[in-house]
2 protein chains.
Amino acid sequence: MTGPQSLTDLVEKLRTLPGVGRKTAERLAFHILKSSRAEAEKLSTAIMDVKDKAKLCSVCSSITDNDPCQICADPSRDHSMICVVEEAHDLFSIERVGEYTGVYHVLMGTLSPLDGVGPEEIRVKELLARVEKGGVKEIILATNPNAEGEATAMYLAKTLKPQGIAVTRIARGLPMGGDLEYADEMTLSKSLSGRMRI
Amino acid sequence: MTGPQSLTDLVEKLRTLPGVGRKTAERLAFHILKSSRAEAEKLSTAIMDVKDKAKLCSVCSSITDNDPCQICADPSRDHSMICVVEEAHDLFSIERVGEYTGVYHVLMGTLSPLDGVGPEEIRVKELLARVEKGGVKEIILATNPNAEGEATAMYLAKTLKPQGIAVTRIARGLPMGGDLEYADEMTLSKSLSGRMRI
């Protein structure tokens, strides 16, 4: 950008966002420049608000404005069922479906020995503490179906089994609307081994 | 989003940006949430800075922090040559090439009779005033090569011709790296009629 300093600065800051290159940053900056001052102020304030207000839930490590979070504090949810996810956005994805009635536990990462991430670096200890407190009947492992997510699920299953609670893994198979012809071998394999009686 | 209010608010605000849908807004919001407070503050401040500092140049209507803009205030630029563009970002695109030594005039739009945009709604009057002041030898019409841009260029050419100055139009033809086979008819036609002796 060869424009004024304030515009160049904004473009540079916007470029630090994921998936935002120079062209996109310039388009966004020009949009902000042309929008009303009130609109720009709302965006500017929302950015600081999320930093000031959002924090981690002390129970499930989800992101929340109030501690404990809305889900952990809800007596109508089934607190005997804990769904373990990698990140808070996975939790929000499941909540959007609107069918799960249990509570959650956010690991804040996955096991990744090559990157030096062991069980101590993610919230495994906190999960075990919740189980030890009692009342938990089922743990649903909803980590991502990729190498790290699978390894993390395996590790958690092995660690939790001795506690005598049901440990389940979300189903892996063909996505709805998918096509057998285009499915990869791993997905097809999981789809067959995970077949259910109808 | 079913997350905390501050996060939902930020996602909603980000969604007002052009080309940003729900998924992108959520990815950006999570990035901001995970970035340091200082980083978020820089972005938040840059947004307000551009609204507070950036204004229109009183000479060429470009965007600038200081009036007149850097280009209009530069005595080393050729003030007898005015390049007319639709928007300030077009000016920055030409400046990035680093070859043009004249000054600019930003129309802040194009003629578009169907949308009720006539010569009064864009900065034509201001351009004529600059020409009338004297000293201008050439006007380069660099509006976009589409219906509105061509119509605006035609209108300006007709209006400026009686002033006895050179009025030129940027070349339209095959883009560099392009392919004759895939060029549209209009581009090929312009490419032929605009051929130059080598």
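No experiment lies behind these values; they were computed from the predicted model shown. Every chain is numbered from 1 and lettered A, B, ... according to where its sequence line falls, protein lines coming before strand lines.
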Report which part of [X] has an atom under 4.5 Å of a heavy atom belonging to chain B: side chain, backbone, both, or neither.
X       : result
A:Glu87 : side chain
A:Ser36 : backbone
A:His89 : both
A:Lys34 : both
A:Asn66 : neither

Check your understanding: Any chance NZ of A:Lys55 has more than 12 other-residue heavy atoms, nucleotides or ligands included, within less than 6.0 Å?
Key ->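 More than 12 heavy atoms, drawn from other residues, nucleotides or ligands, come within 6.0 Å of this atom.
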
For chain A, find which of [options] contributes the most heavy-atom pairs closer than 4.5 angstrom.
options                            : result
B:Glu12, B:Lys53, B:Lys42          : B:Lys42
B:Thr24, B:Ile32, B:Asp9           : B:Ile32
B:Ala29, B:Ser62, B:Ser35, B:Ala88 : B:Ser35

Point to revise | B:Ser44 (side chain) donor-acceptor with B:Ala40 (main chain) under 3.5 angstrom | key: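 Here the side-chain-to-backbone pair does not exist.
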
**Study point:** Residue selection (most heavy-atom pairs with chain B, distance under 4.5 Å) from A:Leu33, A:Thr16, A:Val20, A:Leu14
**Key:**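 Option with the top pair count is A:Leu33.
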
Exercise for review: Can you spot which of B:Asp52, B:Thr64, B:Asp49, B:Asp65 makes a side-chain hydrogen bond (donor to acceptor under 3.5 Å, both in side chains) with A:Ser6?
Suggested key: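 Passing option: B:Asp65.
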
Practice item. May I ask you to list the residues in residues 181-198 of chain B that approach chain A closer than 4.5 angstrom, counting heavy atoms only, ordered by number? Key: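 At a heavy-atom separation under 4.5 Å, chain A is reached by no residue of residues 181-198 of chain B.
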
